[in-house]
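See below for the structure under consideration.
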Amino acid sequence: MKNIVQRDFPELLVTTLKEEEKKLPDLPDIGKDGVVMRLAPSPSGPLHIGHARMSILNDEYFRRYGGKLILRIEDTNPANIEPDAYQMIQDDLRWLEVNFTDLVIQSKRFNIYYEEMEKLIEMGKAYVATTPTEEFKAKKQMGTPIRERDESPEENLERWDKMVAGEYEKGEVYAVVKTDLNHSNPAIRDFIAFRIVDTPHPLEGDRYKAYPMMNFSVAIDDHYLGLTHVIRGKDHTANTEKQKYIFSYRNWKMPYYLHYGKVSIEHAILKTSLIKKGIRNGEYSGWDDPKLGTLLALKKRGFDPLAIRKYYIESGIGSVDTTFSWEIFYSFNRKIIDGRSPRHFFINDPVSLKFDFDGALTADIPLFPQAGHSDDQKTRHYEVRKGEIVVTSQDFQKFNGDLVRLKDLGYFKIDDDRIEYLGESINEDIQKWNPNKPLGKVPIIHWLSGNGMPFKVMKPDGSADSGLLEKDALNYISMVHQLERYGYVNVLNDKTGYFTHP
RNA sequence: GCUCCGGUGGUGUAGACCGGCCAAGCAUAUGGGGCUCUCAAUCCCACGACCCGGGUCCAAAUCCCGGCCGGAGCACCA
């Protein structure tokens, strides 16, 4: 096989090599105009790390093949709409660098849905029922029709007109698309396509009473929007089967559907209903609270959207269920941000040590130690005199009585509430203090001396660390810093930062 | 219960459609080492996996059957 390719289509091999970086498998049936794909979130809240997979996957293929990427906001359930979400979703996508080409809002398309339903009823492929749903469900299980299913299109059309006109109350009537009552999978048998909703719609008010169900509006839109490929979660596999019936009744060409597995994202709060409740009762500071798994929260924690993209490309489109690995995600992000993150000292839970010294010690600590950064020669310059030196309580407990190296300052000995300077390089004094240990192994710790300010770091688990942050960090507000030996932190202002990751 | 789908190291994946080049690649984590006045980044080395049982075949991670385990759907949510 490989030999044949090599001999007859050497150019294919070249593409394969170039694509190696991309990793996602090719899509079938790509036309000359590329693909038409969609992002179809419901506007219940801003996007979260789970939505990002759907967004990135679709966008990657759109980038590869060109064509259209449609943002279709599925707002056909007024009870579950957060009005701000229409905008927030677009902002989130922009942040992810997902550049959709078209915006479609389903609540603007009711006329199309009504027309299409009418056609199906006329064709005898749909019906409108007032039979109690309990009976509808029970009969479906047995594979027998309810009364209305066998009535004429005229009778059903009559009820349909009344349904659209708002002459029924909520729960009294529903419209159904016929599939196959004997389908081996009961989940696929006749499905409800329209229902009555009396909750006012945030955009349309009470203009409509008959609302399409997702399985109906999606099929209609997927066709009329000209979709060629649809990538969505595998919780939709049964839905795809249902939607297939509408396509076949109308003789439409089905887009190519691909279902990826479920990602369970541990330790992340994603459910919008829970988040809204939490915001209301003060448990969360807002949609961007660091405890949340929203993209807004990740942004505020200082993640680069490229890390999210990389992660989901790496995960691929397999149908296997997976667990989101924060560890791997952090690693991707760390590699992206490390080189551009200024280094500073943050003394978490500081311990103050008396420093008795004549004269001044100088320290020049690199700000961007990685070669290649435009400021890689810059340092934080300090003169340390008699007074106080602070270190973290953790280091204090560990090294009290021992020799330590204060980073870029010199060798010191910690002696309870005091700290003593021993020299800037290894000498006899130091060897005395450290008789048994190899001198190359002296622990290097971070410190501050009069150049710190109170600072608080909000962590994703809801806790916070308080301590002293090096004042020089103020020159780099709203940037992710690497607080040495502590972790990466997005410094928001002179008082608070959000913890990115270790 | 019914109908689908799937199970590769701790974790995320490649390979599976079209059986051999897979005594299984990559990433992450872990352990060790180099570099570095950070427990970061970077470089090197090590570690570690084809769910189980049958079958087909010269040959099975890959095909078939059974089992076990996991997931999805069976809504007037999307």
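All values reported here derive from a predicted model rather than from experimental measurement. Each chain gets a letter, A, B and so on, in the order the sequences are listed, and its residues count up from 1.
Taking atom CD1 of A/Ile188 as the reference point, atom P of B/C5 lies 12 Å away to the nearest angstrom. Here B/U38 presents its P atom at 15 Å from CG of A/Asp364, a figure rounded to the nearest Å. Separating the CG atom of A/Leu258 from the P atom of B/C5 is a distance of 15 Å, rounded to the nearest angstrom. Atom CG of A/Asp376 is separated from atom P of B/A40 by 21 Å (rounded to the nearest Å). Distance, A/His344 NE2 to B/U38 P: 16 Å, rounded to whole Å. The nearest whole Å value for the distance from the CG atom in A/Leu409 to the P atom in B/U38 is 14 Å. As rounded to whole Å, 19 Å separates atom P of B/U36 from atom CD1 of A/Ile365. Separating the CG atom of A/Leu406 from the P atom of B/U38 is a distance of 13 Å, rounded to the nearest angstrom.
Using a 4.0 Å heavy-atom cutoff across all strands shown, A/Pro369 reaches at least one base atom of the nucleic acid. Heavy atoms of A/Phe191 sit nowhere under 4.0 angstrom from any nucleic acid atom. A/Ser44 comes within 4.0 angstrom of nothing in the nucleic acid, heavy atoms only. Across all strands, A/Arg343 comes closer than 4.0 Å to base atoms (heavy-atom distances).
Between the OG1 atom in A/Thr76 and the CZ atom in A/Arg109 there is a gap of 12.5 Å [rounded to 0.5 Å]. Between atom NZ of residue A/Lys262 and atom CZ of residue A/Phe324 there is a gap of 15.0 Å, rounded to the nearest 0.5 Å. Taking CZ of A/Phe191 as the start and NZ of A/Lys140 as the end, the distance is 9.5 Å to the nearest 0.5 Å. Note that OH of A/Tyr421 and CG of A/Leu406 are 10.0 Å apart. Values are rounded to the nearest 0.5 Å.
Only the P atoms considered, B/A23 is 15 Å distant from B/A59, to the nearest whole Å. For the C1' atoms, the distance linking B/A78 with B/A24 amounts to 40 Å, nearest Å. Separation of the C1' atoms belonging to B/G15 and B/G19 is 12 Å when rounded to the nearest angstrom. For the P atom pair drawn from B/U8 and B/U13, the interatomic distance equals 9 Å after rounding to whole Å.
For A/Phe332, the side-chain atoms get nearest to B/A27 when compared with the rest of B/U38, B/G12, B/A27.
Listed by first and then second residue, the salt bridge (Lys or Arg N to Asp or Glu O under 4.0 Å) pairs involving residues 180-195 of chain A are A/Arg149-A/Asp190 (not counting sequence neighbours).
Ring pair A/Tyr486/A/Phe345: centre-to-centre distance not below 6.0 Å. Between A/Phe303 and A/His501, the ring center distance clears the sub-6.0 Å criterion.
In terms of modelled atom types and a separation under 3.5 Å, the side chain of A/Asn451 and the main chain of A/Ser449 share a donor-acceptor contact.
Counting only Watson-Crick or G-U wobble pairs whose defining distances are both under 3.5 Å, the stems of 3 or more consecutive pairs in RNA chain B are B:1-7 with B:68-74, B:10-13 with B:25-28, B:30-34 with B:42-46, B:51-55 with B:63-67.
At the phosphate of B/U13, OP1 or OP2 sits under 4.0 Å from a side-chain N or O atom of A/Thr322.
The residue among A/Ser325 and A/Gly410 whose nearest nucleotide of RNA chain B is located toward the 5' end is A/Ser325. Along RNA chain B, the nucleotide closest to A/Gly318 and the one closest to A/Arg334 are compared, and the more 5′ of them pairs with A/Gly318.
The existence of a salt bridge linking A/Asp304 and A/Arg340 is confirmed by a sub-4.0 Å separation between a basic side-chain nitrogen and an acidic carboxylate oxygen. The pair A/Glu135-A/Lys139 meets the salt-bridge criterion, with a side-chain N (NZ, NE, NH1 or NH2) lying under 4.0 Å from an Asp/Glu carboxylate O.
Remark: the A/Gln482 side chain and the B/U38 base include a donor-acceptor N/O pair separated by less than 3.5 Å.
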- request: Any chance you could list the contact pattern along nucleotides 72-78 of chain B? Use B for base contacts, S for sugar-phosphate-only contacts and - for none, protein heavy atoms under 4.0 Å, 5' to 3'.
  value: SBSSBSB
